[in-house]
Enquirer: 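Below is a structure I'd like to ask you about.
A, B, ... follow the sequence lines: proteins, then strands. Residue 1 opens every chain. Everything numeric in this text was worked out from a predicted model, so none of it was measured.
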Amino acid sequence: MRQLLAAIGDTLVITRRNLMRIPRAPDLLIGFTVQPVMFVLLFVYVFGGAIKTPGFKYVDYLMPGIITQTIAFGGYLTAVGLSEDLRKGLVDRFRSLPMARSAVLAGRTLADVVMNLLATALMVAVGLAIGFRFATSVPQVLAGILLLLLFGFAFSWIFALMGLLASSAESAGSIGFLIVFPLTFVSSAFVPVQSMPSLLQAFAKANPFTIVVDAARALFLGTPAGNSIWLALAWSLGLIAVFAPVAVARYRRVVAN
Amino acid sequence: MQTLQPSQSLARAVSDESAIVTQGLSKSYKNVRALIGVDLVVPPGSVFGLLGPNGAGKTTLVRILATLLKPDAGTARVAGYDVVREGARLRTQIGVAGQYAAVDENLTGFENLEMVGRLYHLGGRVAQSRADELLEHFDLEEAGRRPVRTYSGGMRKRLDLAAALVARPPVIFLDEPTTGLDPRSRVSLWETIERRVAEGSTVLLTTQYLDEADRLADRIAVIDHGGVIAEGTSDELKHQVARERLEVVLGEGADPTVALQALAVMGDGQQPRVEGQVISVSVGRRPGAIVEAVRRLDTARVEIVDLAIRRPTLNDVFFTLTGHKAEESAGEEAE
Ligand SMILES: Nc1ncnc2c1ncn2[C@@H]1O[C@H](COP(=O)(O)OP(=O)(O)OP(=O)(O)O)[C@@H](O)[C@H]1O
Ligand SMILES: [Mg+2]
C-alpha cells in the first residue's frame, strides 16, 4: 500500500515535470493550442459549406470528430518526450533514483491526458463561440469527454511504443502522424461515411475512429448510439491492454543496454 | 543468517563493512567484452579513483554499481545491498552523476534539483531548500531560475553533479565529474567531495586527470580492457611501476660517459638514460642520493648545471601500465 502511494506520488512528480516543459517549448505549446483551434476554424469555414451532413450544422457534426483527432494526437508528446529523455540520459537519471520505475512511462501518458483535457476545453470554447451546441445532458457530455480521454490514453501507449522504437524524437513524431492521419480521415470524423467510395466505406466502418466518433456524437448530440459507446470503450481498453504491456516490455529492453 | 558457512560469513562481513564490493564482475555488449572479472573493495568514508583509457570499462562499471545495467556474471554490493537483487533499496543510498549531464533542458536549474529531491522522497520543503543550497554551492544561484537550455556545458555539468548530492547519499558515483569544468569549478568540486567524504560519504569517481586522482583518491584502480591491472594508493602504484630517478644536467664541456661511470654504483641496475647533456639514473628509494651524487661527480671533476630527484608520477604509472598516454586520451575526450 505504501509502495503504491509512493508510486502514485512519483508518477505525479513526473507528470508535473512533463507538463511544466510544455509552455517553455513553443512548438509543443502551439501544437496543442493554436493548431487544434486552427483546424476547427479551417474545417468549419473552408469545408463546412461543401460537406453535406444531413440533419446537422457542420460545426455540430465536426466537433466530436476533431476533438477525437486532437486527442489521438496527444500521444505525440509521449513519443517525442520519451525518445528525448532516453537519448539525453534523463531516463538513466530517473532509473538511478529510488522512485517507482513505472513512473517514467505512467507520468508520460498521464501528462498526455492532462494536455488532452486542456486542448478539449479550448476547442469546446472555440466551438461554442462559433455556434456549436451540446444537445445532451451534462452527465452525457462528461461521459463523452471521459470516453475520448480514455481513447487518447490508449493512443498514448501506441505513441510510447513509437517513441521507444524510433531512432529520434522527430521520427517518433512522424511515425505517429503516419498512423493517426489516415485513420482519422478515413472515418466518420469529418465527413459522413456514406459519401466515401465503397472500398473506403468498408474500411471506415471498421475503423475504431468511426466507432469512437459515433459514440462521442451520441453523447454530445444525442444521435442514436447503437452499441457504439460499448464498442468504443472496448476498443480503448483493448488497445491499452495490448499496447501498454508491449510498450513496457520494449522500454525494459531499451533501458537494459 | 546465523548458519552461514565461515567463508560466506567472512564475505558478508567484508561487504557489510565496505561501501562497495565487487566480485568477478563481468559484462559484455553484443561482441565487446567491457568488463572481465572485476574485483574491488572500497572502504566507507573514502574516495576511490578509477583510472583507465577510453573504452576501458569505467562507465560500464559505474552503471552496474548504480543499478542501471545488469552484470552478466559476478556480484556487487553497494552500501550492503546487492546491485541486482536489492536495487530498489540500494537506490535510496546512492547519488549518481553520469559521464554526460542528464538534466532537463526545459526546466530551470532549481526545478531540476527540486524534482530530483522529490523523487528521493525528501518532501517538498526539504527538496526546495536543498535545491537552493546546492545552486548556491555550485555557483548557479543566478542561473538557477532560468531554463537549463540557456546554460553552458560546464554549468549543465555542475547542475548534474548537484543532482547527485541532493539526498546527501552515503555512496556517490561520479563518472568523469570534472571533464569540461573550468579550473576554478574543478577545485571547488574537489573541495565539495572532500567535505562529503569527511562527513562519512564514500565516493567512487572515474577520471582522465591523473592529478585529480592523485589529489583526491585514497585508493586507485587502473583498469584496461575490462580488467583491473593495478590497485593501491597513489604512492603504492608509483613505486610499483617506476623508481625514483636521479636526473643530472651536465655542463657544456662535461662528458656524459664519465658522469655515468661516476654514478654507476648508485644505480639500481636499470639502464641509465642519456639525452644530450642530460643523464638520468634510476636510483630507487635512496636517502641522501643528491648529496652522494654531487660528491661523486665533483670527485670525477664533472661540471654540473642542475641535479634533481625525479619522483614517478601517476602519469608514469598510467603510461607504463596501459601503454597509453593518459593526457592524450583525455584530450581526445575534452569538449
Ligand atoms: N551500449 C553499448 N553497446 C555496445 N558496446 C558498448 C556500449 N557501451 C560501451 N560499449 C563498449 O564497452 C567498452 C567499455 O566502454 P565504457 O563506456 O565502459 O568505457 P570507459 O572506460 O567509460 O571509456 P571512456 O573513457 O571513453 O568514457 C568499450 O569498448 C565500448 O565500446
Ligand atoms: Mg566512460
Side-chain angles (χ1 to χ4, degrees), chain A residues 2-32 77 80-104 106-108 111 115 169 251-257, chain B residues 27-30 34 59-60 62-63 65-70 78 81 87-108 111-112 114-124 127 146-150 156 159-160 163-164 166-167 169 171-173 175:
Chain A
R2 246 186 58 215
Q3 266 182 345
L4 183 67
L5 285 180
I8 292 172
D10 294 340
T11 302
L12 293 179
V13 173
I14 299 288
T15 304
R16 182 168 152 242
R17 168 256 176 178
N18 291 337
L19 291 171
M20 269 175 8
R21 300 159 49 97
I22 293 169
R24 301 188 192 146
D27 51 328
L28 291 182
L29 190 62
I30 288 171
F32 283 86
L77 279 176
V80 173
L82 198 55
S83 164
E84 219 177 78
D85 284 353
L86 277 168
R87 279 176 310 115
K88 296 202 170 154
L90 269 140
V91 168
D92 279 346
R93 156 75 64 216
F94 292 140
R95 290 177 63 245
S96 75
L97 295 174
M99 60 184 277
R101 284 193 160 177
S102 58
V104 177
R108 271 286 160 209
M115 269 319 279
Y251 173 75
R252 293 222 170 107
R253 282 244 338 249
V254 169
V255 297
N257 281 296
Chain B
K27 174 74 192 176
S28 295
Y29 301 103
K30 279 171 202 105
T59 297
T60 304
V62 169
R63 288 175 60 82
L65 296 177
T67 75
L68 295 174
L69 205 59
K70 284 206 168 36
V78 174
Y81 296 116
R89 264 177 293 171
L90 192 163
R91 285 190 284 276
T92 62
Q93 306 292 309
I94 59 172
V96 186
Q99 186 166 357
Y100 305 101
V103 286
D104 190 328
E105 306 255 308
N106 289 313
L107 299 190
T108 66
E111 288 163 347
N112 265 286
E114 190 207 357
M115 171 182 74
V116 170
R118 284 179 189 273
L119 293 172
Y120 271 112
H121 306 130
L122 296 180
R146 56 181 159 92
V148 171
R149 214 177 327 114
T150 65
R156 279 166 212 235
L159 185 64
D160 195 55
V166 164
V171 180
I172 302 166
F173 297 111
D175 196 355

Enquirer: When only pairs under 4.5 Å are counted, which of Pro23(A), Ser96(A), Gly9(A), Ala25(A) shares the most heavy-atom pairs with chain B?
Expert: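 If we count pairs closer than 4.5 Å to chain B, Ser96(A) comes out on top.
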Enquirer: In terms of heavy-atom contacts, does CZ of Arg252(A) have more than 12 from other residues, nucleotides or ligands at under 6.0 Å?
Expert: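 Incorrect, the count does not exceed 12.
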Enquirer: Could you name each residue pair satisfying side chain to side chain donor-acceptor pair (under 3.5 Å) that touches residues 4-16 of chain A, not counting sequence neighbours?
Expert: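 Qualifying pairs, neighbours excluded: Asp10(A)-His121(B).
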Enquirer: Output all residues satisfying salt bridge (charged side-chain N to carboxylate O under 4.0 Å, His left out) with Arg87(A), sequence neighbours left out; order by chain, then residue number.
Expert: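 Applying salt bridge (charged side-chain N to carboxylate O under 4.0 Å, His left out) to Arg87(A) gives none.
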Enquirer: Select one option (side chain, backbone, both, neither) describing which atoms of Arg63(B) are under 4.5 Å from chain A's heavy atoms.
Expert: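 Only the side chain of Arg63(B) comes within 4.5 Å of chain A.
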Enquirer: Using a strict threshold of under 4.0 Å (side-chain N to carboxylate O), is an ion pair present between Arg21(A) and Glu105(B)?
Expert: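 No.
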Enquirer: Relative to chain B, which segment of Ile14(A) carries a heavy atom at a distance below 4.5 Å: side chain, backbone, both, or neither?
Expert: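 Ile14(A) touches chain B through side-chain heavy atoms alone.
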Enquirer: Sort out for me which of Met99(A), Arg101(A), Met20(A), Lys88(A) touches chain B most, counting heavy-atom pairs under 4.5 Å.
Expert: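 It is Arg101(A).
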Enquirer: So what's closer than 4.5 Å to chain A heavy atoms on Ala101(B): side chain, backbone, both or neither?
Expert: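 The backbone, not the side chain.
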Enquirer: Chain A heavy atoms under 4.5 Å from Glu111(B): which part of the residue, side chain, backbone, both or neither?
Expert: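 The side chain, not the backbone.
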Enquirer: Measuring heavy-atom distances to chain B, does Val91(A) have an atom under 4.5 Å in its side chain, in its backbone, in both, or in neither?
Expert: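 For Val91(A), no heavy atom lies under 4.5 Å from chain B.
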Enquirer: Given the options Leu69(B), Thr92(B), Leu68(B), Leu90(B), which has more heavy-atom pairs under 4.5 Å with chain A than any of the others?
Expert: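 Result: the option with the highest number of such pairs is Leu68(B).
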Enquirer: Top residue by heavy-atom pair count (under 4.5 Å) with chain A, among Lys70(B), Met115(B), Gln93(B)?
Expert: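 Most pairs with chain A among the choices: Met115(B).
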Enquirer: Are Arg93(A) and Asp104(B) within salt-bridge range, i.e. N to O under 4.0 Å?
Expert: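 Not counted as a salt bridge, because no side-chain N and carboxylate O are separated by less than 4.0 Å.
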Enquirer: Just do the side chain to side chain contact (heavy atoms under 4.5 Å, CB included) check on Ile22(A) and Leu77(A) with the steps written out, would you?
Expert: CA-CA 9 Å; Ile22(A) 293 169; Leu77(A) 279 176; 3.7 Å; yes
Enquirer: Output yes when Arg17(A) and Asp85(A) qualify as a salt bridge under the 4.0 Å nitrogen-oxygen rule, no when they do not.
Expert: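 Yes, Arg17(A) and Asp85(A) are salt-bridged.
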